[in-house]
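What follows is a short report on a single structure.
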Amino acid sequence: MKKMSRNVLLQMEEEEDDDDGDIVLENLGQTIVPDLGSLESQHDFRTPEFEEFNGKPDSLFFNDGQRRIDFVLVYEDESRKETNKKGTNEKQRRKRQAYESNLICHGLQLEATRSVLDDKLVFVKVHAPWEVLCTYAEIMHIKLPLKPNDLKNRSSAFGTLNWFTKVLSVDESIIKPEQEFFTAPFEKNRMNDFYIVDRDAFFNPATRSRIVYFILSRVKYQVINNVSKFGINRLVNSGIYKAAFPLHDCKFRRQSEDPSCPNERYLLYREWAHPRSIYKKQPLDLIRKYYGEKIGIYFAWLGYYTQMLLLAAVVGVACFLYGYLNQDNCTWSKEVCHPDIGGKIIMCPQCDRLCPFWKLNITCESSKKLCIFDSFGTLVFAVFMGVWVTLFLEFWKRRQAELEYEWDTVELQQEEQARPEYEARCTHVVINEITQEEERIPFTAWGKCIRITLCASAVFFWILLIIASVIGIIVYRLSVFIVFSAKLPKNINGTDPIQKYLTPQTATSITASIISFIIIMILNTIYEKVAIMITNFELPRTQTDYENSLTMKMFLFQFVNYYSSCFYIAFFKGKFVGYPGDPVYWLGKYRNEECDPGGCLLELTTQLTIIMGGKAIWNNIQEVLLPWIMNLIGRFHRVSGSEKITPRWEQDYHLQPMGKLGLFYEYLEMIIQFGFVTLFVASFPLAPLLALVNNILEIRVDAWKLTTQFRRLVPEKAQDIGAWQPIMQGIAILAVVTNAMIIAFTSDMIPRLVYYWSFSVPPYGDHTSYTMEGYINNTLSIFKVADFKNKSKGNPYSDLGNHTTCSVLLCCPDRSAVTPYQLPATFTSRVQAILMPQPPNSCDYKYRDFRYPPGHPQEYKHNIYYWHVIAAKLAFIIVMEHVIYSVKFFISYAIPDVSKRTKSKIQREKYLTQKLLHENHLKDMTKNMGVIAERMIEAVDNNLRPKSE
């Protein structure tokens, strides 16, 4: 026996999963089996009863029809495996049998049934009897009904539009409203105080599954080096079990034949997930009842966010239409398109080599589009969105407080247990400073510091990798712009349709945005796995700590990944380019990239449209197609046995599992979208509309996935949306700054306003009244070719070394009065021998900047217009930020997080609950005291009667 045990141990040491250890059996006391001998030698195992399938596909009960199935475990029978080693099969069998034996010792009842389609699969059905449910309900502080509650009279936010809300609401005759109760944490010694009409219905299916999962996650099955291994999650990850899940109550397309089945899955599909219900409100109470509060709060938040987006989308569309209808009145765009103004301005090459000269008016279409987004309506919308995001967050807090009251999570008292992965690593013994008792921790303080340092370094490395990818995109922009500039503008007559709509700037922007989106999605996929690995290595203690740690890592990465290119275009591109005689080189090699003559706002809009739209389309396709295809493949493999009647648990097993972090990715997707809607909305007022359309589809797609493609999730309690709330608040604060800076530095609104109010009229201007005429010419500074040749790197006539947006104005008012001057051959090859009134060395060029002309005492230094514009931009940012922050502070102060009515309801319910428990306690005491008094009187009478006799 010893020799055989040693051989088995040696085989076990070769496995990756676990070392050799003691099998733990719990039989009232704890029994440790120190030997891994043959299975037949162990008589302490308690095994589940094997029963044949009774032919009822909709049954949710054991074969006796009385005990409800609360959870299902699935494993592959080791005796029928063909690929694995015998020692491994034996090891897995013993662990599983020890685990199931301990489940039985904990009071759970098990029944095993072989698969109808695959006889290697065994389904272990788990039932929690009444005593077990009561015991663990008290341990978990689960709130249960005391008496019916008649205080909760819900009022609609659209009370005056009852006829309209009735159309949008779910039909109450189909999904009946849940009865409300006063609740309190369950206590077995006060069982008579609770509203127990029917023991089978007192614990609803979601609560039963949550209690059973609590037990499954904490039952031990092995001890290695005095460290216990336990939990169904570890067993599933190691392959001992193939799956563990609670059951759906019926098929989603039709109701169950069992009259006792509530058919909640069918109702959810019909009234929530089906496309015909897309306009209806969500049945949040039924979602919470079926899937738990954690899923319910997510859909409540997503629905409320979508409702608030409706207002933002309406205002955004109005601002867009304002810009669209007024684009024909855009004076500066008319000047760009005018053949006698923009048509006579030859723009210098925008790169050092190979870039041709081009006319300003080939950007006519871009300037018209820019008028739509760079208008006064954009400023109004940016201010509105700064207020909107505050209203959304504050009103969501109130709505969240209402849900906490309605869903009994106001005082969530469940003490969160340590994760099994954490407890499995607890090998170091320390003295607790508070209790002065020994406790185990996974690593010392020094080890914790090392782990934090390594994790922070890994996160920092990946952020640097993203920044490197952004730099790569910038290099691509600089490189490919030369190619597009050489290929696209074949002539400068402006008649080519390609030139009209596809300028080098536009082609570079679109291709760079597409490549940036592809890189973002690739890095996103890789980093998701890396972030999970880093968080697992960090080893947070509880599941909440784990999710919060992963949330911060993922959001920090996603923030840099998705927004870095937008920040570059908005605040860095074209801001540090110098001037033709002294251009600025990036990394000493590449000339800094310039914006279109109209600014970078249109390019930022293009970037946002491609990334935001592409991300929404990709995510929805992935969320719909991937689980559907996986289930389709599974059905294809089972087609040979499709004619057989399969039980409910086998139907659910073949659905897709939704991981623990499934909801995390849904939140992450929406928060990234929230950032696009708020951070850069000044450049794209249609962003809320795109988000609204996406979210309407997202709600139904997520509902369809949960009800039709995925196994039922284990219900979980949740008070709020967790770490996502402070993240949204941080985005809201940052959004005010980014939108103010976009308007100030990315758009041309401030320079236009400065020109209109100061430089269009004397003493700086020549017009007699305020006007925008002459604005384009006023934004171009004069530059001499001779200075260009002397100061710039290379000769412009041979190397075309001019990357800045300069221009030569064809200023020959009377061509007949001068002798034509033919440009040098290298120049004419680019400009088609343009006639000039004087030699190029004395001709005045113009470029986009605010600088003094040549010959001025401060030539080529910034002029007074530049400093007026800078002062106006800074003043605008300060004023806009202070105004919006003041309004945000006032709104936050004026709108309490919990409404007065909700607060009164919470206090009233708490008071009545305490009163009810106190009165019941007094009644019990009075009853007991009465019994004691009667017994005392009877005893006294018995003692006195003999004396009197």
Side-chain angles (χ1 to χ4, degrees), residues 156-158 168 281-282 284 296-319 380-404 551 555 559 563 608 612 616 666-682 684-699 702 718-740 880-881 883-899 902:
S156 172
F158 306 95
L168 299 180
K281 293 181 180 180
Q282 301 182 83
L284 292 177
I297 200 73
Y298 164 73
F299 282 102
W301 172 80
L302 182 56
Y304 195 81
Y305 171 45
T306 304
Q307 290 178 16
M308 291 294 291
L309 276 175
L310 179 61
L311 175 61
V314 170
V315 178
V317 170
C319 293
V380 174
F381 188 57
V383 175
F384 167 79
M385 288 300 293
V387 177
W388 173 88
V389 69
T390 304
L391 291 173
F392 163 62
L393 292 176
E394 294 302 320
F395 281 121
W396 164 246
K397 291 178 184 177
R398 292 167 65 90
R399 175 60 178 152
Q400 189 169 254
E402 292 176 2
L403 291 175
E404 289 178 15
T551 296
F555 178 75
F559 184 90
Y563 303 143
L608 284 172
M612 188 175 175
E666 301 296 339
Y667 271 117
L668 182 62
E669 178 186 350
M670 289 296 102
I671 295 299
I672 294 297
Q673 182 207 87
F674 178 77
F676 280 121
V677 169
T678 54
L679 290 174
F680 306 102
V681 74
F684 191 36
L686 294 180
L689 178 62
L690 292 181
L692 175 65
V693 175
N694 175 77
N695 288 6
I696 292 174
L697 297 176
E698 181 74 21
I699 291 174
D702 288 346
Q719 246 181 328
D720 49 38
I721 61 175
W724 301 109
Q725 183 81 23
I727 287 176
M728 286 195 299
Q729 291 173 342
I731 292 176
I733 295 173
L734 182 61
V736 178
V737 180
T738 56
N739 285 299
M880 181 176 174
E881 286 182 357
V883 169
I884 296 180
Y885 281 139
S886 299
V887 173
K888 288 168 68 72
F889 174 79
F890 174 77
I891 292 175
S892 300
Y893 178 79
I895 302 176
D897 294 348
V898 183
S899 65
T902 303

Point to revise | Heavy-atom closest pair, residues Leu393 and Ala732 | key: CD1-CB, 3.9 Å
Check your understanding: Hey, are the side chains of Leu391 and Ile891 touching, using non-hydrogen atoms and a 4.5 Å cut-off?
Key -> yes
Practice item. Can you label the angle between the Tyr305 ring and the Trp301 ring as parallel, tilted or perpendicular, going by 30° and 60°? Key: parallel
Exercise for review: Compare all side-chain heavy atoms of Gln725 with those of Trp396 and state whether any distance is below 4.5 angstrom.
Suggested key: yes
Review point. Less than 4.5 Å apart, any side-chain heavy atom of Met385 and any of Phe381?
Key: yes
Revision key, fill the gap. Sorted by chain and residue number, the side chain to side chain donor-acceptor pair (under 3.5 Å) partners of Asp720 (sequence neighbours excluded) come out as none
Point to revise | Non-neighbouring partners of Ile733 that pass side-chain contact (heavy atoms from CB on, under 4.5 Å), sequence neighbours left out | key: Tyr885
**Study point:** Closest non-hydrogen atom pair, Glu394 against Asp897
**Key:** OE1-OD1, 3.5 Å
Check your understanding: Considering residues at least two apart in sequence or located in another chain, which fulfil the side chain to side chain donor-acceptor pair (under 3.5 Å) criterion with Glu404?
Key -> none
Revision key, fill the gap. Distance col, row Lys397:NZ vs Gln729:CD, nearest 0.5 angstrom, shows 4.5 Å
Practice item. Might you point out which heavy atoms bring Ala687 and Met612 nearest each other, and give the distance in Å? Key: O-CE, 3.3 Å
Practice item. Report yes if some heavy atom in the side chain of Pro896 is under 4.5 Å from a heavy atom in the side chain of Arg398; otherwise report no. Key: yes
Practice item. For the pair Leu302 and Glu666, evaluate side chain to side chain contact (heavy atoms under 4.5 Å, CB included) and give the outcome as yes or no after the intermediate values. Key: CA-CA 10 Å; Leu302 182 56; Glu666 301 296 339; over 6 Å; no
Check your understanding: Could you state the interatomic distance from CG (Asn695) to CE (Met308), rounded to the nearest 0.5 Å?
Key -> 13.5 Å
Study note, to complete from the structure: To the nearest 0.5 Å, atom CD1 of Ile297 lies from atom OH of Tyr667 at 6.5 Å
Check your understanding: Any donor-acceptor pair under 3.5 Å linking the side chain of Asn739 with the backbone of Thr678?
Key -> yes
Exercise for review: Looking only at non-hydrogen atoms, find the nearest pair between Ala382 and Ile884 and report the distance.
Suggested key: O-CD1, 4.5 Å
Point to revise | Evaluation steps, ring pair (Phe, Tyr, Trp, His ring centres under 6.0 Å), between Phe392 and Trp388 | key: CA-CA 6 Å; Phe392 163 62; Trp388 173 88; 5.7 Å; yes
Review point. Roughly how far apart are Phe555 CZ and Leu668 CG, rounded to 0.5 Å?
Key: 8.5 Å
Check your understanding: Hey, does Ile671 have a side-chain heavy atom less than 4.5 Å from the side chain of Ile731?
Key -> yes
Check your understanding: Under 3.5 Å, side chain of Tyr563 to main-chain N/O of Ile672, donor-acceptor pair present?
Key -> yes
Review point. How about Phe674 and Val389: do any of their side-chain heavy atoms sit closer than 4.5 Å?
Key: yes
Exercise for review: Please name all residues satisfying salt bridge (Lys or Arg N to Asp or Glu O under 4.0 Å) with Glu669, sequence neighbours left out, ordered by chain then number.
Suggested key: none
Point to revise | Set of side chain to side chain donor-acceptor pair (under 3.5 Å) partners for Thr306, sequence neighbours left out | key: none
Review point. Partners of Phe299 by ring pair (Phe, Tyr, Trp, His ring centres under 6.0 Å), sequence neighbours excluded?
Key: Trp272
Review point. Out of curiosity, Ile699 CD1 to Met670 CE, how far, rounded to the nearest 0.5 Å?
Key: 9.0 Å
Check your understanding: Phe676 vs Phe680 aromatic rings, parallel, tilted or perpendicular, using cut-offs 30° and 60°?
Key -> tilted
Review point. What closest approach, in Å, do Pro688 and Val681 show between heavy atoms, and which atom pair accounts for it?
Key: CD-CG2, 4.1 Å
